[in-house]
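Data block below; observations after.
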There are 2 protein chains.
Amino acid sequence: MTNPTPTLSHTIADIKAIIHREARRVTSYDVASLAGVSQSAVSRCFKPGASVSKATYARVMQAAQDLDYIPNAAARSLITRRSNLVAVIVAGAVSQHYSDVLSELSCQFSRRGMHIILFNLPSESAMDRTLAEVWQHQVDGAVVAARLSGDQVAEFERRQVPLVLFNRNVAGRAVSAVVCNQEEAARAMVTRLAAGGHKRFAMIDGPAQSPIAQQRKRGMAGRLAELGLPAPLAVAGGFDYASGARGLREIIDRFGGVPDVIVCGNDLMAIGCLDTARHDFNIDVPDRLSVTGFDGIAASSWISYNLTTMRQPLLSMAQAAAEMLVGLVGGTGSGHEQRSYSATFVDGATARLGPA
Amino acid sequence: MTNPTPTLSHTIADIKAIIHREARRVTSYDVASLAGVSQSAVSRCFKPGASVSKATYARVMQAAQDLDYIPNAAARSLITRRSNLVAVIVAGAVSQHYSDVLSELSCQFSRRGMHIILFNLPSESAMDRTLAEVWQHQVDGAVVAARLSGDQVAEFERRQVPLVLFNRNVAGRAVSAVVCNQEEAARAMVTRLAAGGHKRFAMIDGPAQSPIAQQRKRGMAGRLAELGLPAPLAVAGGFDYASGARGLREIIDRFGGVPDVIVCGNDLMAIGCLDTARHDFNIDVPDRLSVTGFDGIAASSWISYNLTTMRQPLLSMAQAAAEMLVGLVGGTGSGHEQRSYSATFVDGATARLGPA
DNA sequence: TTGTACGCGTTATCAA
DNA sequence: TTGATAACGCGTACAA
């Protein structure tokens, strides 16, 4: 009785038993021995574009399937020095806001065979500890949507880990970033509001540490000054719904009445402000008071709000960030390209506006 | 001139130059040579609870810091067979809804020295391809908030990768899961609504493939039958805001008017329904029509809505999922513990209710 | 096209 | 407590 296939050292069951006994994982050696080829042949079969004969490829793939073999990414990354892992570092507060961004990044990277390790900062101060964990995992690059010091950026350079900042800037350092021009957005908003005849501006500001809040505030103040309008009455907020409600009360208290317009640091606060104005104070928006936001979150376009706001093109920005990082990992790109996006004005129903 | 420290084979600059020239990473050998100890000594210094003398430890740590040495997680995971990586697999549609869950999971795991690799399914059908990528990365476990077939669950078992399902069930298989009892929640809601005198029920259902939507629908239908009330008029929805608006129109069309109550498959649809009812149809909610949701998302408690809904304890559930998975990875736990949570009734202002 | 031999950077074992 | 040595599972020169 002849056997047409080459004599194999082990059957599937044999090998599986051995693996089980030795409490090992299935390795390329196991596949090789089942397929009757060398380990390197197996390795080549899993490398796209490697030189393998059709017959060998088929035998190896069959054996791999029989044994449920999957290459070990850890071992591979050890030798190739590529982990196909990207760190995404976000500060806890913004992570809700950025859930769409996260999905988009995940899709974009997975399309290129890469995956995301998520680092969620409980507080911005935990960055150094977090970075240490990032280095351990040998990520190929990082997208950071959190505050980074100059030294921290320098460490990325020193370790040669490509870095793309998301909606953040680092003063005085050449670093790749995808940003939305917050200051310009704020100026545009003020311009429209002023054209609508608003004179007495108030604002509910974001957290003092937030660079985005700072930029929006600066843009607003700058444009108001240019237009010869009085500086806005600014109260502090925390970018959340409750801050909008509190902010309105504080403004009414300190203003001794209602201003012409309340520019809120983001949509969530604008919605809180709007709800409180209408339901608790019975203030007609926009007839007696205009309220505006920033961001263009989903809720801003709900019928109840139809918020006048500036929309950030977050999805495009996420795409750009992924694309830039992939470029940097691949060796393309300068390492300090800044892609700047503009927010678009959303002509809602919460502000009395002049002609466009 | 005597040197009190032991003679070292290289200075910091020497070693850094060598590393640079050879385009290598800093390894434990480099640290060892700088500190004048063996490589194993370095390794021990980075292993908590290993036996190292104080003097050695100090010298090694100093050298490590001088060279910016960080242990390589890939190499470590190769030998320890632990990657300290957990896969979190979510279906694209739910990822927005689960952003809080994701943050919480990330915090919980990072507290235990583990990190999350995010797998975001574009469509539920991409699961097999995704799982192949999961296996590659040698994750220590997985939290899955997406549809999983029996075979797919079996593969987790075969590969001995601990698995915790999040708000999902797999029929006929013993598998660890954290769930919220959707059917019970729906029954509770119907009970309250019936006590409020509602008789003609309509519902805006979630996607047909969604098990959560199915369970909520089943609970509702079951309880209505028990109470001797007519079966609800059900229209299809997609768990998004627009579905709520469309659903209302369809119900009014098919019902030939307004039912007593519209039970929505989730809060987002309830909010869409509510907005459309009030602003487009001028229907008084709750006086003429009651509208209820499920989930207890942030927006449901905004002043404009104050939605009557059933709140899922998502944060507790996320904590539980992390805790269970860590237990399974550590060898504790049965592998098929089901932790079931109950939704809590939120007595909002969008439904006419009987006494509690 | 295929196989041999080596190295990636770490932890684990064991003898000193 | 310390150091030599052997894995871990893979990719890749190099020779055949």
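Please read these numbers as outputs of a predicted model, since none were measured by experiment.
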Base, sugar-phosphate or nothing for Val42(A)? Non-hydrogen atoms, less than 4.0 Å.
nothing
Nucleotide dT11(C), atom C1' - distance to CD1 of Ile70(B) in whole Å
18 Å
OP1 or OP2 of dA12(C) under 4.0 Å from side-chain N/O of Lys47(B)
yes
Nearest to side-chain heavy atoms of Ala75(B), which nucleotide of dT10(C), dT12(D), dC8(C)
dT10(C)
Kindly say whether the aromatic ring centers of Trp135(B) and Tyr69(A) come within a distance under 6.0 Å.
no
Any base atoms under 4.0 Å from Thr80(B), or only sugar-phosphate, or nothing? Heavy atoms, all strands.
sugar-phosphate
Quick one: do Asn84(A) and Gln136(B) satisfy side-chain contact (heavy atoms from CB on, under 4.5 Å)? Show the steps, please.
CA-CA 11 Å; Asn84(A) 290 318; Gln136(B) 289 213 0; over 6 Å; no
Side chains of Gln108(B) and Glu104(B): do they bring a donor and an acceptor to under 3.5 Å?
yes
Specify the separation, in whole Å, of atom CG of Leu78(A) and atom C1' of dG7(C).
9 Å
For a quick check of understanding: with a heavy-atom distance under 4.0 Å over all strands, which category does Tyr29(A) fall into, base, sugar-phosphate or nothing?
base
Arg76(A) CZ to dT10(C) C1': how many Å, rounded?
19 Å
Separation of atom CD in Gln136(B) from atom P in dC10(D), rounded to whole Å
10 Å
Heavy atoms from C-beta onward define the side chain here; which of dA4(D), dT4(C), dT11(C) lies closest to that of Gln39(B)?
dT11(C)
What contact category does Thr56(A) fall into here, base, sugar-phosphate, or nothing, at under 4.0 angstrom with non-hydrogen atoms?
sugar-phosphate
In whole angstrom, give the distance that lies between atom CG of Asp30(B) and atom C1' of dG9(C).
10 Å
Within the 4.0 Å heavy-atom criterion, would you say Tyr57(B) contacts the bases, only the backbone, or no part of the nucleic acid?
nothing
Indicate yes or no for a side-chain donor-acceptor contact from Ser103(B) to the backbone of Ser99(B) under 3.5 Å, with no hydrogens or angles considered.
yes
How many Å lie between CZ on Arg25(A) and P on dA7(D), as a whole number?
18 Å
Val37(B) has a side chain; which of dT10(C), dG11(D), dG3(D) sits nearest to it?
dG3(D)
dG9(C) phosphate, OP1 or OP2, under 4.0 Å from Arg81(A) side-chain N/O
yes
How would you label the contact of Ser53(A) with the nucleic acid (heavy atoms, under 4.0 Å): base, sugar-phosphate, or nothing?
sugar-phosphate
N/O donor-acceptor pair, side chain Arg44(B) with base dG3(D), under 3.5 angstrom:
yes
May I have the step-by-step check of side-chain contact (heavy atoms from CB on, under 4.5 Å) for Ile70(B) and Arg159(A), ending in yes or no?
CA-CA 11 Å; Ile70(B) 299 267; Arg159(A) 295 186 181 274; 3.6 Å; yes
Residue closer to the 5' end of DNA chain D, Ile79(A) versus Ser40(B) (nearest nucleotide)
Ser40(B)
Between CZ of Arg82(B) and C1' of dG9(C) the distance, given in whole Å, is 19 Å
Please work out which of the three classes, parallel, tilted or perpendicular, describes the rings of His115(A) and Phe119(B), given edges at 30° and 60°.
tilted
So does Ser43(B) get a side-chain nitrogen or oxygen closer than 4.0 Å to the phosphate oxygens (OP1/OP2) of dT10(C)?
no
d(CZ, Arg59(B); C1', dG3(D)) in whole Å:
14 Å
Regarding Arg24(B), tell me which of base, sugar-phosphate or nothing describes its non-hydrogen contacts under 4.0 Å with the strands shown.
nothing
For Thr27(A), which contact category applies under a 4.0 Å heavy-atom criterion: base, sugar-phosphate, or nothing?
sugar-phosphate
